[in-house]
Amino acid sequence: MKLSVSTWNINSVRLRIDQVERALGEIAPDVLCLQETKCPDNCFPLKALQGFGYPHVVQVGQKGYNGVAILSRFPFAKVEPQNWCERQDARHIAVTLGPEAGEAAGFEIHNFYVPAGGDVPDPELNPKFKHKLQFLAEMRDWAGRRGKRPTIVVGDLNVAPLEHDVWSHKQLLDVVSHTPVETEALETLRQEGAFIDCARHLTPEPTKIYTWWSYRSPDWAAANKGRRLDHVWISDDLGSTLRSVDIHGDARGWMRPSDHVPVTATLEF
DNA sequence: ATGGTCGATCTTCGA
């Protein structure tokens, strides 16, 4: 059987509900993980999402900021949102797939929205950057302690870890998302958690891969100054099952797009 | 060193 999992920072699920429908129709993943739903719980468009063919939907939200959701064709055996950095920030939700998922039953799927970290890459001067580093440190703890269940980690991790995950390694070394303290933290936690970076497993460097293009670039497609901020990782026990990774770059060209595009990994076992 | 553009919200903050 195959299992496909997509991740997408939607930057307001209410504003872009039609684009969620379109993406689900075109990609047809088994599971879609959304970040930045920007939606308080009592406004979450649950019925609309279920109507797109994904009856199993869980989310944590808050007013105006953050928010993560998981949509699935399969039921969940367990749902575990988790708080990080002693805040109730709606930056993580995890599910365990139920027996209806067949050979994927018992798989854990973790959906993260890592803090962006503000503009100044100095934790002493910028509390947002300090928060980001603390969040990554807590993820490292979590990765090192996690159980041995087959696990998929996805999300907007807000770090472009490798040289060719950004349009200019040199010019972005001092830019939040690509500073050495962040890239080393993300790579360390990934390795300690024994996770495979799916996109890079199939498309090694020096091929450039981007999943995000700033709104501030007037001609984003021609300039192509992107960064790879959105990731799909699988635990190493799933390594032999990875079949493909798709970066749905065309979604950046849709009307009133998110600044991030969907990323989909397909496993087969 | 700064601006550029978005989205949610309540005139500014976070990205």
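These values consider heavy atoms only, across backbone and side chains, with no hydrogens, waters or symmetry-generated copies.
- Both A:N11 and A:A116 lie close to DNA chain B; mapped to their nearest nucleotides by heavy-atom distance, the more 5′-ward contact belongs to A:N11.
- Taking atom C1' in both B:dC10 and B:dG14, one finds a spacing of 15 Å when rounded to whole Å.
- A heavy atom closer than 4.0 Å to some atom of DNA chain B occurs in A:K63, A:G64, these being the qualifying members of residues 57-64 of chain A.
- Remark: the A:S258 side chain and the A:N11 side chain contain no N/O donor-acceptor pair separated by less than 3.5 Å.
- Comparing A:D119 and A:S217 by the nucleotide of DNA chain B that holds the closest heavy atom to each, the one mapping nearer the 5' end is A:S217.
- Comment: A:R200 engages A:D165 in a salt bridge, judged by a side-chain N to carboxylate O separation of less than 4.0 angstrom.
- Residues A:D30 and A:M1 form no side-chain contact, since every pair of their non-hydrogen atoms from C-beta on lies 4.5 Å or further apart.
- In this structure, A:R252 is positioned above the aromatic face of A:W220, its NZ or CZ under 6.0 Å from the six-membered ring centre and within 45° of the axis.
- For DNA chain B, the contact window with chain A, defined by any atom under 4.0 Å from a protein heavy atom, covers B:dG4 to B:dA15 in 5' to 3' order.
- Nucleotides B:dT9 and B:dT5 have their P atoms positioned 22 Å apart, rounded to a whole Å.
- With a 4.5 Å cut-off on side-chain heavy atoms, A:K128 and A:V176 do not count as touching.
- When the C1' atom is used for both B:dT11 and B:dG7, the distance is 14 Å, rounded to whole Å.
- Between the side chains of A:T266 and A:R243, not a single donor N or O lies within less than 3.5 Å of an accepting N or O.
- Scanning for side-chain contact (heavy atoms from CB on, under 4.5 Å) contacts around A:A143 gives A:L189, A:F195, with sequence neighbours left out.
- Between the side chain of A:E108 and the backbone N or O of A:T96, no donor-acceptor pair lies under 3.5 Å.
- Nucleic acid contact class of A:R91 (heavy atoms, under 4.0 Å, all strands): sugar-phosphate only.
- Going from the C1' atom of B:dA1 to that of B:dT12 covers 22 Å, rounded to whole Å.
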